[in-house]
Amino acid sequence: MDSKNIPQHIAAIMDGNGRWAKERGLPRLAGHREGTEALREILRACAEFGIKYLTVYAFSTENWQRPKEEVEFLMSLFAEKIESELEELMANQVKINFLGRTQEFSAELQQKMQGAAEKTKHNAGVVLNIMANYGGRAELVDAMQSMIKEQLTINNVDEETIGKHLYTKGMPDPDLLIRTANEMRISNFLLWQIAYAEIYVTPVLWPDFRREQLKEAIEAYQQRLRKFGQTEEQIKHAA
Ligand code: IPE
Ligand code: IPE
Ligand code: MG
């Protein structure tokens with residue numbers, strides 16, 4: 001790995017928990033639980049590799065359509081993990097944010113999410129964004145509504161203004177977008193922010209995506225030539 005070309009911001013669509021469990025003859029819920037272990041390891045590896053932002057898709061606005069039992073389990077897993085991991089997050093200087101329409105969660109869960117964000121807000125280590133009840137379209141709708149509320153006029157709306165009204169305001173866009181479990185789609189994740197992210201899809205299921213797999217993803221990223229619309233010659237000349 002080239003330590004001079006580390007992505008500043010990695011986003012991950014944590015997919016394949018259900019398949020991981022199915023392969024082992026376990027209930028889907030066991031896959032979600034193991035998925036939290038993978039996230040723990042990835043978060044640590046991000047700190048080790050010098051990645052500043054990690055944004056993970058934990059629950060989409062579409063995931064409410066899953067069986068009631070699964071949705072309830074995921075909600076209880078959020079609550080349980082916030083409680084059990086907070087101490088370690090503090091010790092590792094992680095700043096955690098829960099981004100999405102979190103106002104639709106139970107009051108109790110909202111309180112836990114806000115409490116963890118509040119407690120870690122001055123930490124200077126990795127910024128961990130847990131995207132929960134998140135949808136890229138919902139985020140854009142929310143951004144437009146807040147701009148209208150502020151009575152912004154036509155001349156005041158440009159790309160920068162929109163960026164400032166997203167849940168990820170103040171953060172750089174992801175450099176690398178990882179999707180596990182081999183699905184070649186975005187599933188309503190970070191529609192605006194991934195405009196120029198490098199995409200890495202792996203067949204590895206999320207619960208098996210660990211430090212070594214992250215390292216491979218970063219190495220693949222380092223092989224890419226990011227052109228941002230320019231020609232190869234221009235990019236190489238500038239470098
Ligand atoms: C991702 O794993 C976790 C969530 C969407 C909450 P899945 O549960 O989608 O796993 P598969 O796609 O069924 O294998
Ligand atoms: C995307 O995974 C959402 C999360 C990882 C939280 P899904 O498993 O819900 O996506 P689709 O339905 O296969 O596109
Ligand atoms: Mg899935």
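Read the numbers this way: they start at 1 and go in the same order the structure lists the ligands and their atoms.
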Next item on the list: For Ala58, counting its heavy atoms only, list the atoms of ligand 1 lying under 4.0 Å from any of them.
Entry: 6 (C)
Notebook entry, point to check: Should you measure from each heavy atom of Arg66, which atoms of ligand 1 turn up under 4.0 Å away?
Noted result: 4 (C), 5 (C), 7 (P), 8 (O), 9 (O)
Notebook entry, point to check: Does any N, O or S atom of Glu183, backbone or side chain, fall under 2.8 Å from the Mg ion (ligand 3)?
Noted result: no
Notebook entry, point to check: Backbone, side chain, both or neither: what part of Glu183 comes under 4.0 angstrom of ligand 1, heavy atoms only?
Noted result: neither
Note to self: Please tell me whether Asn5 and Gln222 have a donor and an acceptor in their side chains that are separated by less than 3.5 angstrom.
What the structure shows: no
Next item on the list: For the pair Glu219 and Arg224, find out whether any cationic side-chain nitrogen is under 4.0 Å from an anionic carboxylate oxygen.
Entry: no
Note to self: Within the structure, is a non-hydrogen atom of His32 found at a distance of less than 4.0 Å from ligand 1?
What the structure shows: yes
Next item on the list: Answer yes or no for Gly16: is there a heavy-atom contact with ligand 1 below 4.0 Å?
Entry: yes
Note to self: Could you work out, for atom 9 (O) of ligand 2, the closest of Asn63, Asp15, Asn17, Val56 by heavy-atom distance?
What the structure shows: Asn63
Check: Would one find an N or O of Gly18, backbone or side chain, under 3.5 Å from an N or O of ligand 1?
Finding: yes
Item checked: Atoms of ligand 2 close to Phe59 [distance to a heavy atom under 4.0 angstrom, numbered from 1] -> 6 (C)
Notebook entry, point to check: Hey, are Glu41 and Arg210 close enough for a salt bridge, meaning a charged N less than 4.0 Å from a carboxylate O?
Noted result: yes
Note to self: Does only the side chain of Phe189 get under 4.0 Å from ligand 2, or the backbone, or both, or neither? Count heavy atoms.
What the structure shows: neither
Notebook entry, point to check: Given Glu62, Arg185, Met14, Arg179, which one has a non-hydrogen atom that is nearest to atom 10 (O) of ligand 2?
Noted result: Arg179
Margin query: Would you say Trp192 and Asp173 are linked by a side-chain donor-acceptor pair, where the criterion is simply a distance under 3.5 Å?
Written below: no
